[in-house]
Amino acid sequence: MARQHSTPETRSVRLLKVGEQVRHIISDLLTRQQVHDDVLTAHSVSVTEVRMSPDLRQAKVYVKPLLGTDEEKVLKALRTNTAFFQREVAQRLKLKYAAKIQFWPDESFDEADRIERLLSDPRVVRDLGEE
């Protein structure tokens, strides 16, 4: 059987697809409250992105509690239940290797807010204004 040659483009598409599948699985587990943790049951958690390593053995899961409240408590609860998430993702995806999951806070909302504040600064608005 001939070995298929993969280009960086096809590898990255595969990484994106697998990352999106992992995101859906973790979101589904959190939405259906299948994780038996009081903190996670009490909070709505948004899984914003999953970045897979090129060998699909590492998954960085970026999460944000809705309204941004109790972020540290939610992250601690997610990290405590990492084994459960890894087992569920491995069972549902049926990949050769089970990805090691790491939970990270999603800072993109904070960064977007910072940029929005900068752009609405009166000095910047003055400089961007039409002549």
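Along the sequence shown, residues carry numbers from 1. All values below come from the heavy atoms of this structure, side chains included, with hydrogens, waters and symmetry mates left out.
Between T82 atom OG1 and Q102 atom CD the span is 9.0 Å, to the nearest 0.5 Å. To the nearest 0.5 Å, atoms CD1 (I26) and CD (E88) are separated by 10.5 Å. Rounding to the nearest 0.5 Å gives a distance of 10.5 Å between NZ of K76 and CG of D37.
Not counting sequence neighbours, the partners of A59 by the side chain to side chain contact (heavy atoms under 4.5 Å, CB included) test are V50, M52, A99, I101. Evaluation of the side-chain hydrogen bond (donor to acceptor under 3.5 Å, both in side chains) rule for S53 yields D55 as partners, not counting sequence neighbours. Residues passing the side-chain hydrogen bond (donor to acceptor under 3.5 Å, both in side chains) test with T80: none are found, sequence neighbours excluded. Partners of D38 according to the side-chain hydrogen bond (donor to acceptor under 3.5 Å, both in side chains) rule, which considers only residues two or more places apart in sequence or in another chain, do not exist here.
Using a 4.5 Å heavy-atom threshold, the side chains of K100 and Q86 count as touching. A heavy-atom distance below 4.5 Å is not found between the side chains of D70 and P65.
Ion pairing of R23 with E49 is absent here, as no side-chain N (NZ or NE/NH1/NH2) approaches a carboxylate O to less than 4.0 Å.
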Where do L78 and L30 land on the side-chain contact (heavy atoms from CB on, under 4.5 Å) test, with the steps shown first? CA-CA 10 Å; L78 287 168; L30 290 169; 4.1 Å; yes
Could you check L40 against V74 for side-chain contact (heavy atoms from CB on, under 4.5 Å), going step by step and ending with a plain yes or no? CA-CA 6 Å; L40 296 177; V74 170; 4.1 Å; yes
R51 vs Y62, test: side-chain contact (heavy atoms from CB on, under 4.5 Å). Steps then yes/no. CA-CA 8 Å; R51 293 185 188 164; Y62 293 93; 3.7 Å; yes
Residues Q21, L95; criterion side-chain contact (heavy atoms from CB on, under 4.5 Å); working and verdict: CA-CA 12 Å; Q21 289 174 331; L95 292 174; over 6 Å; no
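The ring-ring contact (aromatic ring centres under 6.0 Å, His included) pairs that include a residue from residues 74-95 are F85-F103, where partners are two or more places apart or lie in different chains. For residues 22-46, the set of pairs meeting the ring-ring contact (aromatic ring centres under 6.0 Å, His included) definition, not counting sequence neighbours, is empty.
Nearest heavy-atom pair, Q33 versus T41, reported as atom, atom and distance to 0.1 Å: NE2-O, 3.5 Å.
Under a 3.5 Å cut-off, the side chain of S46 and the backbone N or O of K64 do not form any donor-acceptor pair.
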